Student: 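Following this message is one structure expressed as structure tokens.
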There are 2 protein chains.
Amino acid sequence: MITPNCDVKAKFMRGFSEKTRLQILDAIRHEEKTVSQIVDELKGNQSNISQHLACLKGCGIIVSRQEGKFIYYSLRNHHIIELLNVLDVVFNEVEREVAACEKNDELDGCTRK
Amino acid sequence: MITPNCDVKAKFMRGFSEKTRLQILDAIRHEEKTVSQIVDELKGNQSNISQHLACLKGCGIIVSRQEGKFIYYSLRNHHIIELLNVLDVVFNEVEREVAACEKNDELDGCTRK
DNA sequence: CACAAATATTAGCGAAGGCTAATATGATGA
DNA sequence: TCATCATATTAGCCTTCGCTAATATTTGTG
């Protein structure tokens with residue numbers, strides 16, 4: 001309602017719209033982790049992960065705290081955790097539905113042909 | 001869990017990560033609407049809206065039905081509706097927190113400086 | 001202080017995304 | 001059948017994004 005600021009909301013949502021970022025969120029879902037832990041776990045590139053962490057932080061999805069030379073990242077608060085849970089449920093439902101009901105070729109979203 | 005297919009999930013989420021698409025979802029949130037209704041409401045470009053609708057449909061977020069020469073779009077199911085509701089709640093919380101707590105310059109997510 | 005580990009930042013490249021204008025398709029009705 | 005309305009598709013342009021490699025910054029340690 002009230003014509004929400006879709007611009008800001010879109011930026012917030014963009015945090016969840018990329019594979020690596022989703023994997024990061026999954027990795028720190030239940031416990032905070034350091035950058036190198038995440039890098040190891042995802043077998044990713046340090047620079048790349050670092051950039052995605054910055055993105056997620058900028059989106060307000062995660063927070064960080066420093067401890068010595070380590071920086072721990074975790075989900076911002078319980079709202080985000082709940083959101084991830086709801087997302088999973090909804091996604092599973094929709095995935096099933098889309099996969100099952102529709103012979104419809106394109107699950108592929110907006111990609112160009 | 002089970003290392004979900006983040007690739008597909010990311011595509012699903014991408015549907016929610018763009019201003020115009022969020023506006024469309026808002027427009028059809030409570031009732032199905034035709035393309036032209038949406039175009040009018042958003043004061044948008046027909047081609048543009050049509051493309052975003054195709055994207056949302058491809059993501060499994062909305063569905064369409066034809067009635068004469070009109071095509072009505074609506075949210076796929078109640079799960080999506082719930083999801084939008086949860087998103088609003090969480091976003092409001094986070095928006096406040098991010099805006100308030102952090103003097104942190106970047107609310108702007110991953111954008112380059 | 002010098003060095004090493006942990007993380008962040010920058011630059012540059014190629015791919016994907018979003019927009020507009022133009023054109024195509026499909027349905028209706030005279 | 002022709003004209004028109006509703007929608008979809010295509011092409012081209014420009015911007016944004018994600019990745020890698022290289023470099024910088026910060027912190028702890030000998």
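No experiment lies behind these values; they were computed from the predicted model shown. Order of the sequence lines fixes the chain letters, A, B, ..., with proteins taken first and strands second; residue numbering starts at 1 for each chain.
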Student: For A/E67 and D/dT27, what is the distance between atoms CD and C1' respectively, to the nearest whole Å?
Tutor: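 After rounding, the gap between these two atoms is 13 Å.
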Student: Charged N to carboxylate O below 4.0 Å: is that the case for A/K33 and A/D40?
Tutor: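 No salt bridge links A/K33 with A/D40.
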Student: Taking the nucleotide of DNA chain D with the nearest heavy atom to each, does A/Q66 or A/N45 sit closer to the 5' end?
Tutor: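 The residue whose closest nucleotide sits nearer the 5' end is A/N45.
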Student: In whole Å, what is the span from the CD1 atom of A/I24 to the P atom of C/dT7?
Tutor: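 Those two atoms, CD1 and P, are 13 Å apart.
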Student: Under 3.5 Å, is there an N or O donor on one side and an acceptor on the other linking the side chain of A/Q46 and the base of C/dA6?
Tutor: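 Check fails, no donor-acceptor contact within cut-off.
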Student: With a 4.5 Å heavy-atom cut-off, do B/L56 and B/Y73 have their side chains touching?
Tutor: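 Side chain of B/L56 against side chain of B/Y73, heavy atoms only: no contact under 4.5 Å found.
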Student: Nearest whole angstrom, please: distance from the P of C/dG29 to the NZ of B/K69.
Tutor: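 So the two atoms are 7 Å apart, to the nearest Å.
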Student: Could you check how far CG of B/L53 sits from P of C/dC19, rounded to whole Å?
Tutor: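 The answer, rounded to whole Å, is 12 Å.
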Student: Measuring to OP1 and OP2 of C/dA16, would you say a side-chain N or O of B/R14 lies under 4.0 angstrom away?
Tutor: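 For C/dA16, OP1/OP2 do not have a side-chain N/O of B/R14 under 4.0 Å.
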Student: With no angle test and no hydrogens, is the base of C/dT20 tied to the side chain of B/Q51 by a donor-acceptor pair under 3.5 Å?
Tutor: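 By the distance-only test, yes, there is a pair.
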Student: Atom CG of A/L42 to atom C1' of D/dG18: distance rounded to whole Å?
Tutor: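 It is 15 Å, rounded to the nearest whole Å.
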Student: Side-chain N or O of B/N48 less than 4.0 angstrom from OP1 or OP2 on C/dG18?
Tutor: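 For C/dG18, neither OP1 nor OP2 has a side-chain N or O of B/N48 closer than 4.0 Å.
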Student: When all nucleic acid strands are considered with a 4.0 Å heavy-atom cut-off, which category describes A/S36: base, sugar-phosphate, or nothing?
Tutor: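 Sugar-phosphate contact only.
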Student: Salt bridge check, A/K9 against B/E95: does any charged N sit closer than 4.0 Å to a carboxylate O?
Tutor: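 Not counted as a salt bridge, because no side-chain N and carboxylate O are separated by less than 4.0 Å.
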Student: Toward the 5' end of DNA chain C, which comes first, A/Q37 or B/G68, by nearest nucleotide?
Tutor: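 The residue closer to the strand's 5' end, by nearest nucleotide, is A/Q37.
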Student: So which nucleotide from C/dT9, D/dA8, D/dC19 ends up closest to the side chain of A/E18?
Tutor: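 Ranking C/dT9, D/dA8, D/dC19 by closest atom to the A/E18 side chain puts D/dC19 first.
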Student: Tell me: CG of B/D40 to C1' of D/dA6, nearest whole Å?
Tutor: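 Interatomic distance, CG of B/D40 to C1' of D/dA6: 12 Å.
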Student: Look at A/S17 and C/dG17 and indicate whether a side-chain polar atom (N or O) is within less than 4.0 Å of OP1 or OP2.
Tutor: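 Answer is no, no contact under 4.0 Å.
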Student: If you take atom types as modelled and just measure distance, does the side chain of B/S47 reach the base of C/dA21 with a donor-acceptor pair under 3.5 Å?
Tutor: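 Yes, a donor-acceptor pair under 3.5 Å.
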Student: Heavy atoms from C-beta onward define the side chain here; which of C/dA6, D/dT7, C/dC19 lies closest to that of A/F70?
Tutor: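 Selected nucleotide (nearest to the side chain): C/dA6.
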Student: Using whole Å, what does the distance between atom P of nucleotide C/dA6 and atom CD1 of A/I71 come to?
Tutor: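 One finds 12 Å between P of C/dA6 and CD1 of A/I71, rounded.
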Student: Within less than 4.0 Å of OP1 or OP2 of C/dC19, is there a side-chain N or O belonging to B/H52?
Tutor: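 For B/H52, the contact criterion (side-chain N or O under 4.0 Å from OP1 or OP2 of C/dC19) is met.
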Student: When the distance from OH of A/Y72 to P of C/dT7 is rounded to whole Å, what number comes out?
Tutor: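 Interatomic distance, OH of A/Y72 to P of C/dT7: 9 Å.
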Student: Is it true that A/K43 and A/E41 make a salt bridge, defined as a side-chain N closer than 4.0 Å to a carboxylate O?
Tutor: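 Looking at A/K43 and A/E41, the cut-off is not met.
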Student: With sequence neighbours excluded, what pairs up with A/N48 under the side chain to side chain contact (heavy atoms under 4.5 Å, CB included) test?
Tutor: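 Counting only residues at least two positions away or on another chain, A/N48 forms a side chain to side chain contact (heavy atoms under 4.5 Å, CB included) with A/N45, A/H52.
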